[in-house]
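Working notes, structure below.
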Amino acid sequence: MAKNKSKSGMSSLKRFIGNKNIVTVLGFAACIATLVVGYHFRVKDAISPTSLPVAKDTIPSRTLITNNHVGKIKIASTYVNEARNVVRNVKDVVGKYVSHKTTIPKGGLFYKEQLSEASEMPDAAFANIEDGQTIYSLEVDKESTFANSIRAGDYIDLYMSASDYNNENLVIYGCLIRSIRVLAVKDSKGNNIVKNTLAYGEPAELLFAVDDEMFDLLRETEWVNGQIKLSPVIYNKNYTAAANETEVASEQLQQFIREQVRDFN
């Protein structure tokens with residue numbers, strides 16, 4: 001009897017499996033179930049909120065971002081996944097600067113192109129001026145900068161040329177200050193010139209830092225009504241790499257400037 005029941009059960013199972021209509025219905029149901037499960041998973045993943053850093057208040061250009069500037073907001077993952085340039089972690093925001101000519105509004109997200117490292121900021125080198133130094137602005141033009149080839153970070157020597165008031169036939173020329181690091185090159189509107197192309201403006205001033213005593217010396221050359229001319233001289237990359245400490249190269253020229261200023265006054 002047991003064998004007959006077993007054979008009967010197997011026969012029924014074979015007939016069930018062999019029924020094409022039933023198999024089709026089951027296959028269709030399995031596909032529907034898979035689609036439903038997959039749909040719900042994708043919807044849940046899409047609407048699942050992701051926490052992003054956000055500006056608590058408006059953050060102006062050039063501002064160093066601290067923890068006090070940053071809050072958090074939850075946004076649908078779909079938006080986050082599509083906006084690949086959005087910054088997702090607070091640690092990637094704090095310690096950065098708001099880029100030049102950029103303002104982050106209150107409640108605004110942080111985007112990669114809005115943030116800069118300190119070294120990437122215009123005039124960043126000005127923040128590292130040592131005590132006892134002053135920034136001097138030397139008036140220049142395209143010709144005196146060797147066809148607009150001097151850039152921030154280059155080292156130059158500063159040469160001086162002048163005529164002695166007491167001897168019209170005597171022309172003085174020589175290196176006044178040696179090994180000066182250029183902090184910035186700017187056009188007449190104060191914009192940084194960063195490439196050797198006219199599209200970035202004509203050079204109008206070189207900015208560099210010198211000791212206060214040297215600064216006074218350079219200012220004194222301005223008091224003699226243009227009779228003393230200062231000109232930068234740039235060298236190759238090896239000179240810049242091996243630059244020495246900035247120093248007055250000629251005590252004789254320094255003394256000459258003092259005497260000319262005294263006579264002029």
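- Taken together through direct or relayed side-chain contacts under 4.5 Å among Ile, Leu, Val, Met, Phe, Trp and Tyr, Y97 and L115 form parts of separate hydrophobic clusters.
- Two residues are said to be in side-chain contact when any heavy atoms from C-beta on lie closer than 4.5 Å; I234 and I150 meet this criterion.
- For the pair V210 and I135, the minimum side-chain heavy-atom distance is 4.5 Å or more.
- A donor-acceptor pair shorter than 3.5 Å can be found between the side chains of S116 and S99.
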Hey, mind stepping through I172 and M160 against side chain to side chain contact (heavy atoms under 4.5 Å, CB included) and telling me if it holds?
-> CA-CA 8 Å; I172 295 177; M160 185 195 94; 4.2 Å; yes
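- Under the 3.5 Å distance criterion, the side-chain polar atoms of D157 are left unmatched by any main-chain donor or acceptor of V233.
- Within the model, atoms CZ of R62 and OG1 of T103 stand 11.5 Å from one another, a figure rounded to the nearest 0.5 Å.
- Residues V185 and V140 fail the side-chain proximity criterion, which asks for heavy atoms closer than 4.5 Å.
- Side-chain contact between L206 and P232: present, with at least one pair of heavy atoms (C-beta onward) separated by less than 4.5 Å.
- Within a 6.0 Å sphere centred on NZ of K106, other residues, nucleotides and ligands contribute 12 heavy atoms or fewer.
- Within the 3.5 Å criterion, the main-chain N or O of E213 finds no donor-acceptor partner in the side chain of D216.
- Hydrophobic clustering of Ile, Leu, Val, Met, Phe, Trp and Tyr side chains at less than 4.5 Å, counting indirect connections, keeps I75 apart from V90.
- Interatomic distance, D154 CG to R181 CZ, rounded to the nearest 0.5 Å: 9.5 Å.
- The hydrophobic cluster containing L109 does not contain V94, counting ILVMFWY residues as joined when their side-chain heavy atoms lie under 4.5 angstrom apart, directly or transitively.
- Note: L253 CG to C175 SG = 8.5 Å, rounded to the nearest 0.5 Å.
- Between the CD atom of E222 and the CG atom of L138 there is a distance of 9.0 Å, given to the nearest 0.5 Å.
- Residues L218 and I180 are members of one and the same hydrophobic cluster, defined by side-chain heavy-atom contacts under 4.5 angstrom among Ile, Leu, Val, Met, Phe, Trp and Tyr.
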Would E205 and S137 count as a side-chain hydrogen bond (donor to acceptor under 3.5 Å, both in side chains) if you check the C-alpha gap in whole Å, the side-chain angles of each, and the deciding distance to 0.1 Å?
-> CA-CA 6 Å; E205 60 176 338; S137 172; 2.4 Å; yes
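- Counting only N and O atoms by type, the side chains of T145 and N148 include no donor and acceptor under 3.5 Å apart.
- Counting heavy atoms from C-beta on, the side chains of H69 and K56 never come closer than 4.5 Å.
- Considering only heavy atoms from C-beta on, L176 comes within 4.5 Å of L217 through its side chain.
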Dump the intermediate steps for side chain to side chain contact (heavy atoms under 4.5 Å, CB included) on E220 and I228, then the final yes or no.
-> CA-CA 9 Å; E220 287 178 347; I228 296 177; over 6 Å; no
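- For D211 (side chain) and M214 (main-chain N/O), no donor-acceptor pair under 3.5 Å exists by modelled atom type.
- Side-chain heavy atoms closer than 4.5 Å link hydrophobic residues (I, L, V, M, F, W, Y) into clusters, and following such links, possibly through other members, connects I73 to Y111.
- Not one N or O on the side chain of N89 forms a donor-acceptor pair closer than 3.5 Å with the backbone of K91.
- A donor-acceptor pair shorter than 3.5 Å can be found between the side chains of N85 and E113.
- Rounding to the nearest 0.5 Å gives a distance of 8.5 Å between CD of E202 and CG of D141.
- In this structure, A55 and P105 approach most closely via the heavy-atom pair CB-O, 3.5 Å.
- Taking the side chain as every heavy atom from C-beta outward, V87 and K112 approach each other to under 4.5 Å.
- Under the 4.5 Å side-chain criterion, counting only non-hydrogen atoms from C-beta, V70 is in contact with F110.
- Atom OG1 of T63 sits about 15.5 Å away from atom NZ of K96, to the nearest 0.5 Å.
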When you look at T50 and R88, which way does the side chain to side chain contact (heavy atoms under 4.5 Å, CB included) test go after all the steps?
-> CA-CA 9 Å; T50 298; R88 305 187 182 199; 5.9 Å; no
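- Aromatic ring orientation, Y136 versus F208: tilted (interplanar angle from 30° to 60°).
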